[in-house]
Amino acid sequence: MPKRKREPKESKLAHDHFSLSLKLETTDRNNPNVDVDDFFNTAEKWLRALKTFAKEQGQHVKWEIVDLKKASALIQVQPVKVTTGRPALALVKKWEEGLRKIEKTGKPAPKFTPEALSALREFVFSVPANTRVSIGTGAAAERHPITATTQRRVEQAASQFPAQSTGEYVSQGSVRGRLAVLDSWNPDDRSFRLQLPLAPNKPVRCTYRDSSLSTELGEGFDGMVEITGQLRYKPGQPWPYAADVEHVRVLPRKPKVSLKDLVGLVTLPEGQDSTAYVRGLRDAE
Amino acid sequence: MPNSKPALDVWDSCCIIGILNAEVDKLPALLAQTQFFETGKALLGIPSSAVAEIYTLSDGTSAAAKIEEFLNNSYVQFLQSTREVVTVSSKLQFRFNCNQIADLRDKAIAAGVPNKQASKLKSRDSEILAAAIVYKADRLTTYDPFLIFLGREYIQAETGLVISGPSSSMLPFPPLGNPRP
């Protein structure tokens with residue numbers, strides 16, 4: 001394994017030029033500590049985005065932690081060329097420049113391939129609730145918060161690549177989740193976000209054309225709904241990341257019929273029990 | 001937005017049908033799970049193929065409306081047969097066949113699986129197992145002896161998915177009429 005030669009004065013300041021940082025801060029005044037799951041989930045997505053970006057640049061690098069401040073939930077990493085052991089400064093610059101361009105224009109930056117943009121998209125949409133996530137170069141340099149604008153711009157940039165190029169697929173179906181963020185009042189952007197109970201950090205971006213759905217959406221806001229339509233999936237992911245919604249069904253906020261209410265509603269033929277009945281159905285196929 | 005995830009307990013259709021059919025050996029343990037679903041600690045996952053079996057049984061009967069209403073509960077998650085589920089399902093069917101694993105049948109019979117079920121994983125069973133794996137369920141609740149055997153012998157060690165009847169750590173007390181010693 002090549003040993004990394006240290007620069008004579010590889011100071012903290014030098015690290016700042018070669019490194020990228022991520023910081024999480026809670027916006028909850030009563031609880032200033034960042035949730036550990038939120039931190040690691042976000043950091044994992046951020047690192048995945050960085051690794052994908054490096055891979056797409058053809059750079060064989062590993063990412064080293066150069067600073068980790070638990071008190072402020074800050075992590076600072078730098079790419080190091082595996083062959084030479086030297087920091088990959090150009091990679092950090094390309095990432096930063098590309099990201100700023102995307103944030104400003106909503107267009108894909110030259111160095112961001114569909115895969116890199118897809119990983120970036122996954123990261124910016126993983127921002128935990130009540131938490132401010134900011135990224136930048138180094139620890140001392142100014143960091144930029146991930147905002148709704150950042151998410152919108154990254155989404156715009158990502159949408160300029162055809163879905164097929166990333167192995168995504170579309171399937172008609174339904175999914176249930178909490179109606180989290182509603183933007184039904186803007187006629188150019190009829191969309192909302194659905195928070196899935198089993199993937200709360202990956203909200204489904206839902207768009208719809210039928211303005212009459214806003215009645216159901218208003219009724220179901222902050223509650224559970226079932227949406228039906230064209231669901232968009234990434235390969236290897238069980239839950240959709242986006243949906244073109246055709247129907248919305250508001251689910252009851254409190255259970256109306258429980259398991260106990262189902263007891264004895266049906267009698268199986270010939271005194272069969274459920275295991276034998278189901279086996280019979282499946283063996284008959 | 002809450003970011004903590006509830007557990008996912010996937011039920012095979014024999015569980016719901018066991019309740020509908022008021023099977024005394026199954027009711028206490030199955031109904032005891034209600035508290036976890038209704039308090040948000042767990043979600044009840046029902047694969048689409050299991051939903052079809054439940055509907056097939058109740059369609060046209062007076063039970064249909066109540067079942068429909070039950071399935072509208074927000075703690076019920078339908079697990080769709082997505083491309084991933086179908087792919088994993090076909091791989092499972094190919095693998096768990098006595099043509100692929102020579103001693104599969106003998107081991108299954110030794111574990112109490114009836115002879116005629118012990119040779120291979122059938123398509124509907126593999127779809128339910130695949131859904132539980134793809135959706136990263138914590139457990140698959142079933143009374144099917146072959147699925148329980150596969151869970152103990154292969155699946156749990158490989159994926160962490162527990163396959164058994166509803167006598168899990170999610171059940172804090174023994175079935176009614178069988179007091180803790």
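Being a predicted model, the structure only gives us computed values, none of them experimental. Every chain is numbered from 1 and lettered A, B, ... according to where its sequence line falls, protein lines coming before strand lines.
- Using a 4.5 Å cut-off between heavy atoms, A/Glu226 contacts chain B through its side chain alone, with no backbone atom that close.
- To the nearest 0.5 Å, the span separating CG on B/Leu44 from CZ on B/Phe37 amounts to 4.5 Å.
- Of the listed residues (A/Ala276, A/Ala199, A/Ser258), the greatest number of heavy-atom pairs within a distance under 4.5 Å of chain B belongs to A/Ser258.
- Only the side chain of B/Asp12 comes within less than 4.5 Å of a heavy atom of chain A; its backbone N, CA, C and O stay farther away.
- For B/Lys66 and A/Asp261, the salt-bridge test fails: no basic side-chain N is under 4.0 Å from an acidic carboxylate O.
- For B/Ile133, no part lies near chain A; criterion is any non-hydrogen pair under 4.5 Å.
- Contacts with chain A were tallied for B/Asn72, B/Asp25, B/Val85; B/Asn72 has the most, counting heavy-atom pairs under 4.5 Å.
- Between B/Phe96 and B/Phe146, a ring centre-to-centre spacing not shorter than 6.0 Å is recorded.
- At a 4.5 Å heavy-atom cutoff, the contact between A/Leu231 and chain B is made by side-chain atoms alone.
- Contacts between B/Val76 and chain A at a heavy-atom distance below 4.5 Å involve backbone atoms as well as side-chain atoms.
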Start with the C-alpha distance between A/Lys260 and B/Thr34, add both sets of side-chain angles, then the distance that settles side-chain hydrogen bond (donor to acceptor under 3.5 Å, both in side chains), and finish with yes or no. CA-CA 8 Å; A/Lys260 285 174 191 141; B/Thr34 306; 5.1 Å; no
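- Between chain A and the residues B/Pro114, B/Pro145, B/Ala63, the largest count of heavy-atom pairs under 4.5 Å involves B/Ala63.
- Residue A/Lys51 qualifies as open at atom NZ: its count of foreign heavy atoms under 6.0 Å is 12 or below.
- Ion pairing of A/Arg249 with A/Glu216 is absent here, as no side-chain N (NZ or NE/NH1/NH2) approaches a carboxylate O to less than 4.0 Å.
- A salt bridge links B/Asp125 with A/Arg279: at least one charged nitrogen is closer than 4.0 Å to a carboxylate oxygen.
- Between chain A and the residues B/Thr142, B/Leu31, B/Thr61, the largest count of heavy-atom pairs under 4.5 Å involves B/Leu31.
- With respect to chain B, the highest number of heavy-atom pairs below 4.5 Å among A/Leu259, A/Leu265, A/Thr267, A/Val278 belongs to A/Leu259.
- Only the side chain of B/Glu38 comes within contact range of chain A, with heavy atoms under 4.5 Å apart.
- Interface remark: of the candidates A/Met224, A/Lys254, A/Arg176, A/Arg176 forms the most heavy-atom pairs closer than 4.5 Å to chain B.
- Taking the charged nitrogens against the carboxylate oxygens, B/Arg124 and B/Asp144 have no contact shorter than 4.0 Å, which rules out a salt bridge.
- Salt-bridge annotation for A/Arg232 and A/Asp244: present, with a side-chain N of the basic residue lying under 4.0 Å from a carboxylate O of the acidic one.
- Put simply, of A/Asp273, A/Val263, A/Leu262, A/Leu251, the one with the most heavy-atom pairs under 4.5 Å next to chain B is A/Leu262.
- The contact between B/Leu30 and chain A is made entirely by backbone atoms, counting heavy-atom distances below 4.5 Å.
- Looking at A/Thr275, the atoms closer than 4.5 Å to chain B (heavy atoms on both sides) sit in the backbone and in the side chain alike.
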As a quick check of understanding, evaluate side chain to side chain contact (heavy atoms under 4.5 Å, CB included) for A/Phe192 and A/Ile227, giving each step before the final call. CA-CA 11 Å; A/Phe192 59 92; A/Ile227 59 156; 3.9 Å; yes
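- With a 4.5 angstrom heavy-atom cutoff, B/Leu43 touches chain A only via side-chain atoms.
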